[in-house]
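First comes the structure, then the notes that go with it.
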Amino acid sequence: ADMINGLSKQSFPPCMQNLHRGLKEEHHLKHWGRLQYGLFLKGIGLSLEEALRFWKSEFTKAADMDGEKFDRQHSYNIRYNYGKEGKRADYTPFSCIKIITTNAPGVGHYHGCPFRHSDADLIEQKMNKMSFPKDKQTKVMEYIKGSHYQLACREYFKAAHKTEEEIDLMHPNQYYEESQRLIN
Ligand code: SF4
């Protein structure tokens, strides 16, 4: 849990960076955000105990949430995601296609795919801030315009990791794993 901040900057795809930022700013995420981010974190190896610690430490920074209320309102759903409650199914992290095509985010939501659901200007601003080369930025924007969101993400990955290696991006957890492979 203590490594998530650093890893999010280093290796999380833009969708999960958004969720992490939203959680840090609001000390809360709505249902689909908790699900998308919680299952992603499970997929990168966060254990149930660490997940409970991570979510509790963030949520209880909000003025209206204490540890007891958190345990009452949220720990069941976290245990559920890990197959410890309800149907006891081992839920897997969402793929890019699922994130892109279902449950579009509304106002105050942080889930979804930024290439599909965010204002393209915001992505351009972020790429400028990260000093991505102009040709890479142009490619990302062209893919967004053509509704090729995963290809836009792949170009983004290449620019963020200063690589020309092509990855066939299908899943946010794959983005993370490829990033870790290149970094370590
Ligand atoms: Fe996340 Fe996939 Fe969208 Fe990239 S293409 S931001 S990994 S959902």
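Whatever order the structure lists them in is the order used to number ligands and atoms, beginning at 1. One is the number of the first residue; the rest follow in order along the sequence.
Residue pairs meeting the side-chain hydrogen bond (donor to acceptor under 3.5 Å, both in side chains) criterion with at least one partner in residues 175-184, sequence neighbours excluded, are Q10-Q180, S11-S179, S11-Q180, H161-S179, E165-R181, E178-R181, Q180-N184. Screening residues 28-41 for side-chain hydrogen bond (donor to acceptor under 3.5 Å, both in side chains) gives H20-Y37 as the qualifying pairs, with residues at least two apart or on separate chains.
Geometric assessment of K42 against the ring of Y91 yields a negative cation-pi assignment under the 6.0 Å and 45° thresholds.
In the hydrophobic clustering, I183 connects to no other residue, as no ILVMFWY side-chain heavy atoms lie under 4.5 Å from its own.
Taking distances strictly below 2.8 Å, the protein N/O/S atoms close to atom 3 (Fe) of ligand 1 are C113 SG.
Residues F132 and A159 approach most closely at CD2-CB, 3.5 Å, considering heavy atoms.
For the pair D2 and R53, the salt-bridge criterion is met [side-chain N within less than 4.0 Å of a carboxylate O].
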